[in-house]
Amino acid sequence: MSGLVPRGLVCDTDWMKQPHCRLIACALGLGLSVTLGPLALAAAPVTNQTERGFLHLQAPKYAELDSTVTNRIHWEVAGKPVNGRVQVQQRSGGEWEEVATVRVRSGRGTWRTDLEGTGVYRVVPVSSSNYPDAVTPPSATRKIAARQAISKVSAPIVSAASYFTTQGAKVTFTAKWLYRGKRVTGSVRLQVATASNSWKTVGRAKTVRGRATFKVKVNRSAKYRVVGVSTSSHKGRIKVGSTYGSSPIIAVGAKARAGGGVPKGSFRIRGSGYGHGVGMSQYGAQAQAKAGRSASQILTFYYSGTSVVTREVDQVVKVGIGIESASPVVTFSGDAGEVTIGDTVLATPSGGEKIRLSASGSEVSVGRVDSGGTTSLGSGGTVRLTTDGTMTINGARGTYKRGYLEASVIGGRVNVVNAVSLDTAYLYGLAEVPSSWAPAALQAQAIAARNYAVMGANGLKPDCACHLYDDTRSQVYTGWSKENEANYGQNWKAAVDATSGQLVVDGDGKMINAYYSSSSGGRTENSEDVWSAALPYLRSVDDPWSLDPASGNPNISWSKTITGAEVAKAFGLPDVASLRVAGRSTGGNATVLEATSSSGTVKRIERAEEIRRALGTKSAHITGIEVP
């Protein structure tokens, strides 16, 4: 199978947890000179504060040789953002040479640098269109140290872009150990995480020309790492056995061997992940949160080149309430409510009372339901229902309390929307992840959902007179039902409140489409490999978190058996003798699925989402196809 490709675990961007990663630091400010210690773990923002304003740059502290690192500039005067340019310079001998000119828009700028060696840099203000006096101060300098330790651990796993294998299978791990670009001679240990979160050594090997290999029988899903033990070629320069002298963690999922054979005339599809795989993985976010990462770190991991900002989100949205009944009944509970048409109050129902809505031409007919039947109360083009208690509608997915319900007639049927504040009530009602999850995962979900809602609520949809649907066409919305969940509902509400107004923006400060799905198969997808548009913030990234057992992800691996007749129908063939993945995306999704009939006719289904729909699988991350 072509998917048998050795793949290394890309180092986690969480530099607070893994200081061995490819990290960088630099400073920007007035009269400030900083020398970094080799084991410094946190970077405080550096500020150039004068009466004219301040310059601020946030960056991690270490960089691995040949790595590319993004740093962000913040420039303000008197609390107002500056528009202008700054110049990044590097010292060469006794002179300063320009390496980049950065444009600052609305007080924000980005500087990306490829670190080819240790150097000294400074940032100099050049020009400002709105605060000319802000460009006169000199800048501070900082030494940027390039280092390398154990830089990569890889294992040839069963399928490309995935980190899982079959229980009992032997896996070869390969460790690459470099220091400042030179191979390290020494010894390393392979360790596995135990149930108590300690590390147990399962193998020891010598590094030959900077490489060591381990063969391990994998009996369970687990996390592995390699730790430096001793070195003869770089004595005193590498602190072995420390966090700095250890590798990134690689998570391996072990799935049970399939029992029995494939039924005759059928195909068994094996895969990993759930959903389209673009953007944030919800289960991956949960694993990262449990590992101590913040919501901002989670989001910027999945959305490339972005940051989290706070803005005012003052918007009321109408959410379409999908109901099956042609004449839905609204049941009131708790305190009294009110049913109105314009300024006319038709009824003030209290707990237990029911109001029936039905289409009468282009108007909504309102009736009170009791043991004697339905009593007409009146009709109008738009009916509004409010309550201090709660309202339920037969056929709807939730219970409603916040905002108000509004009924009208569309296509001869009653249409109901829930009008609520986007930044509070709408988000309170989203049922996208369990409320029992870790706080940072809930906060990351709340921020992504806010982005999704703001970007999606750009006009009323004619089929529902709503901005957003209450299902997966937009986001799953259950209103008060989510907020009122037993034991954990307030956890979700707290996550929404803690992130009020927070949004994910790109390097130019523009809000992004924060797409997300349940989980990837070990690597997320480029947007153009699933849909059509190539968006710079929706890039494929290695996502071992989705396969981390700590995530609780039930779809680390899955299988589905499909009859030959079903496959033949999907391809428009009389029968199917063979089925194979003929093309893959960067993230590992199947992008070309090829079927061959018994007569030799070959047909293809292309694009990941088309393949997923055709086969009815949880994702297009297909790792194997078994035939009878």
Side-chain angles (χ1 to χ4, degrees), residues 3 5 7 9-10 12-13 157-164 251 253 255 269-288 298-304 306 432-433 441 444-445 448-449 451-452 472-473 475-476 504 512-548 551-560 581 583-593 605-625:
V5 179
R7 183 173 291 276
L9 180 65
V10 173
D12 194 324
T13 56
I157 311 300
V158 170
S159 66
S162 297
Y163 299 95
F164 63 87
K255 62 187 182 68
I269 314 296
R270 292 182 286 105
S272 179
Y274 195 112
H276 50 66
V278 178
M280 184 178 73
S281 157
Q282 292 167 308
Y283 276 103
Q286 168 70 341
Q288 292 195 45
I298 293 168
L299 292 165
T300 54
F301 173 82
Y302 286 113
Y303 303 116
S304 302
T306 64
E432 284 287 345
V433 295
Q445 177 64 57
N451 266 69
Y452 196 99
T472 53
R473 288 174 293 177
Q475 300 180 103
V476 177
V504 187
I512 72 166
N513 279 299
Y515 294 105
Y516 57 85
S517 62
S518 176
S519 64
S520 72
R523 187 176 178 88
T524 66
E525 294 290 320
N526 288 324
S527 57
E528 68 272 21
D529 290 335
V530 176
W531 302 306
S532 57
L535 299 175
Y537 50 82
L538 294 177
R539 300 295 84 202
S540 176
V541 298
D542 278 314
D543 182 29
W545 301 100
S546 277
L547 305 178
D548 190 332
S551 70
N553 182 9
N555 295 302
I556 287 177
S557 64
W558 50 257
S559 67
K560 179 178 181 178
V581 175
R584 290 190 182 275
S585 66
T586 302
N589 270 0
T591 54
V592 180
L593 191 65
I605 297 176
E606 299 184 356
R607 303 199 70 81
E609 287 298 273
E610 291 300 319
I611 292 170
R612 183 159 72 112
R613 279 191 285 269
L615 298 180
T617 53
K618 293 181 177 181
S619 74
H621 196 95
I622 297 172
T623 59
I625 300 176

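Every value quoted in this text rests on a predicted model; they were computed, and no experiment measured them.
- Formation of a donor-acceptor pair under 3.5 Å by the T591 side chain with backbone atoms of G583 is found in this model.
- Taking both residues in full, the closest heavy atoms of W558 and S619 are given as CZ2-OG, 3.5 Å, listed atom of the first, atom of the second, then distance.
- Applying the side-chain contact (heavy atoms from CB on, under 4.5 Å) test between V581 and each of I622, N589, V592 identifies I622 as the sole match.
- For Y274, there are no ring pair (Phe, Tyr, Trp, His ring centres under 6.0 Å) partners two or more places apart in sequence or in a different chain.
- Shortest non-hydrogen contact noted between N555 and K618 is OD1-NZ, 2.7 Å.
- Y283 has its side chain within reach of P554: a pair of non-hydrogen atoms, C-beta onward, lies under 4.5 Å apart.
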(Q) Test side chain to side chain contact (heavy atoms under 4.5 Å, CB included) on T586 and R523; report intermediate values, then the result. (A) CA-CA 8 Å; T586 302; R523 187 176 178 88; 3.9 Å; yes
Q | Working for side chain to side chain contact (heavy atoms under 4.5 Å, CB included), residues L593 and L615 | A | CA-CA 10 Å; L593 191 65; L615 298 180; 3.5 Å; yes
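- Residues R473 and Y452 approach most closely at O-OH, 4.1 Å, considering heavy atoms.
- A donor-acceptor distance shorter than 3.5 angstrom exists from the side chain of S517 to the backbone of G277, with no hydrogens or angles considered.
- Between E609 and V530 the shortest heavy-atom distance is CG-CG1, 3.5 Å.
- Residues meeting the side chain to side chain donor-acceptor pair (under 3.5 Å) test with S585, sequence neighbours left out: E525.
- Looking at Q286, its side chain never comes within 3.5 Å of a backbone N or O of G552 through a donor-acceptor pair.
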